[in-house]
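Reading through the structure tokens given below for one structure.
In listed order, ligands and their atoms are each counted from 1. Each residue takes its place number in the sequence, starting with 1.
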Amino acid sequence: MDQPLDGKIALVTGAGSGIGRACALALARAGAAVVVSDISAGQGEQTARAIAEAGGAAQFVRADVTDARQVEALIRATVQAHGRLDAACNNAGVLGAQARLADYPEESWGQVIATNLTGVWLCMKYEIGAMLAGRGGAIVNMASVLGTVGFPSVGPYVAAKHGVIGLTKTAALEYARQGIRVNAVCPGFIATPLLEQAGIREGTDQYARIASRHAMRRLGEPDEVAEAVVWLCSGASSFVTGHALMVDGGFAAQ
Ligand code: NAI
């Protein structure tokens, strides 16, 4: 049976864990050859192996999205290996420290903005270049429900994710007539190592409190986000651009 991304070349950053890994696996299931990228070689290679074991096509390329030269090299390696880039999911991100603004450590501020906002811009910068030289393409930026509302103790994260939505809309306007669609996905809280590292684990009070903020009274699964990414990368969403798609169990509807 034909798959929606048969013959397509897709790239996922931060694909060594959580949502990015689910996206890479889902894009491969949908027929794409996937360039799996992450700052962590061990985790990224694990994802690429999982794709290959499931019968898909994947290649790992290490890159730190905060480093322009590494991002440029990642896109160059993708185009050298596959001839072009059709779809990209700019997913790499960190939560950073948790503190109110007046107490927020400057170093963590810098890391969160560099990874979650500047990293998305750097990826788009080189992806768009490759897509313009190819057949156009689809970019999906990983924002968050926290790109649409405030949330205490994670100021730079909230600011970066609001910024990602703004960049997404701007890029969509700039490249719509050149065959590049640019959208964002805004997940609610998703059970991944990012939340676990922040102490949000099943069975804790904090987990229950956060679950209760979603209309569905639960956290999401990485695969539920990946389905939206696959759709936005595919021709099924051919008239969708500049959109921030909530995948949040009703968090922001309240
Ligand atoms: P995660 O921590 O499980 O995975 C993040 C991946 O990004 C890791 O493999 C890590 O090595 C990689 N990474 C970190 N810094 C990097 C850098 N400088 N360059 C390249 N790779 C880097 O996190 P999760 O939860 O899967 O998050 C993925 C994305 O989804 C992030 O952008 C996050 O902000 C976003 N998101 C997550 C939500 C959640 O509740 N888990 C909710 C909404 C958005």
Would you call Val230 and Arg29 a side-chain contact if the rule is heavy atoms closer than 4.5 Å?
no
Distance, nearest 0.5 Å, that separates CG of Leu11 from CG of Asn91:
10.5 Å
Out of curiosity, Asn183 CG to Leu232 CG, how far, rounded to the nearest 0.5 Å?
5.0 Å
Just wondering, do Thr66 and Thr118 contact through their side chains at under 4.5 Å, heavy atoms?
no
I'd like to check Tyr175 versus Thr241 (side-chain heavy atoms, cut-off strictly below 4.5 Å). Are they in contact?
no
Part of Leu95 with heavy atoms under 4.0 Å of ligand 1, whether side chain, backbone, both or neither:
neither
Check whether any heavy atom of Ala114 sits under 4.0 Å from an atom of ligand 1.
no
Proximity to ligand 1 by part of Ile39, non-hydrogen separation under 4.0 Å:
both
Near Glu106 CD, under 6.0 Å, is it more than 12 heavy atoms from other residues, nucleotides or ligands?
no
Between Phe151 and Phe251, what is the ring plane arrangement, given parallel below 30°, perpendicular above 60°, and tilted in between?
tilted
Does any N/O atom on Lys161 come nearer than 3.5 Å to any N/O atom on ligand 1?
yes
What are the two closest heavy atoms between Tyr104 and Ser153, and how far apart are they?
CE1-O, 4.0 Å
Of all heavy-atom pairs between Ile113 and Ala160, which one has the smallest distance, and what is that distance?
CD1-CB, 4.1 Å
Numbered in order shown, the ligand 1 atoms found under 4.0 Å of a heavy atom of Gln43 are 9 (O)
side-chain hydrogen bond (donor to acceptor under 3.5 Å, both in side chains) partner of Asn90, the single match among Asn141, Asn116, Thr13:
Asn141
Residue Tyr157 vicinity, atoms of ligand 1 by number, heavy atom under 4.0 Å
33 (C), 34 (O), 35 (C), 36 (N), 37 (C), 43 (C), 44 (C)
for atom 3 (O) of ligand 1, nearest protein heavy atom and its distance come out as Ser17 OG, 2.6 Å
Heavy atom of the protein closest to atom 9 (O) of ligand 1 (residue, atom name, distance)
Asp38 OD2, 2.6 Å
As an exercise, identify every atom of ligand 1 less than 4.0 angstrom from a heavy atom of Pro193.
3 (O)
Distance under 4.0 Å to a non-hydrogen atom of Gly188: what atoms of ligand 1 satisfy this?
40 (O), 42 (C), 43 (C)
Does a donor on one side chain and an acceptor on the other come within less than 3.5 Å for Asp38 and Ser40?
no
Below 4.0 angstrom from a heavy atom of Gly18, which ligand 1 atoms are there? Numbered from 1 as shown, please.
3 (O), 26 (O)
Between Gln46 and Arg21, do the side chains contain a donor N or O and an acceptor N or O under 3.5 Å apart?
yes
Option whose closest heavy atom lies nearest to atom 17 (C) of ligand 1, chosen from Asp64, Ile190, Asn141
Asp64
Polar atom proximity, Thr115 to ligand 1 (N or O, under 3.5 Å)
no
Looking only at non-hydrogen atoms, find the nearest pair between Asp248 and Cys186 and report the distance.
CB-O, 4.1 Å
Consider every N or O of Gly20 and every N or O of ligand 1, then say whether any pair is closer than 3.5 Å.
no
Distance under 4.0 Å to a non-hydrogen atom of Met142: what atoms of ligand 1 satisfy this?
29 (C), 30 (O), 35 (C)
Atom of Gly96, atom of Val112 and distance for their closest heavy-atom approach
CA-CG2, 3.5 Å
Answer yes or no for Gln197: is there a heavy-atom contact with ligand 1 below 4.0 Å?
no
Closest approach of Ser234 to Leu5 (non-hydrogen atoms, all atoms of both residues)
CA-CD2, 3.8 Å
Test your reading of the structure: does Val65 have an N or O sitting under 3.5 Å from an N or O of ligand 1?
yes
Among non-hydrogen protein atoms, atom 37 (C) of ligand 1 lies closest to Ile19 CD1, 3.6 Å
Heavy atom of Ala15, distance to ligand 1 below 4.0 Å:
no
Numbering the atoms of ligand 1 from 1, which are under 4.0 Å from a heavy atom of Asn91?
28 (C), 29 (C), 30 (O), 31 (C), 32 (O)
Using heavy atoms and a 4.0 Å limit, tell me yes or no: is Ala63 in contact with ligand 1?
yes
For atom 2 (O) of ligand 1, grab the closest protein heavy atom and report residue, atom and distance to one decimal in Å.
Leu194 CB, 3.5 Å
Give the numbers and elements of all ligand 1 atoms closer than 4.0 Å to a heavy atom of Gly16.
9 (O)
Using heavy-atom distances, let me know which of Ala143, Ala198, Gly42 sits nearest atom 44 (C) of ligand 1.
Ala143
Protein heavy-atom partner closest to atom 5 (C) of ligand 1 - residue, atom, separation in Å
Gly93 O, 3.8 Å
Around atom 6 (C) of ligand 1, find the nearest protein heavy atom and jot down its residue, atom name and distance.
Gly14 O, 3.6 Å
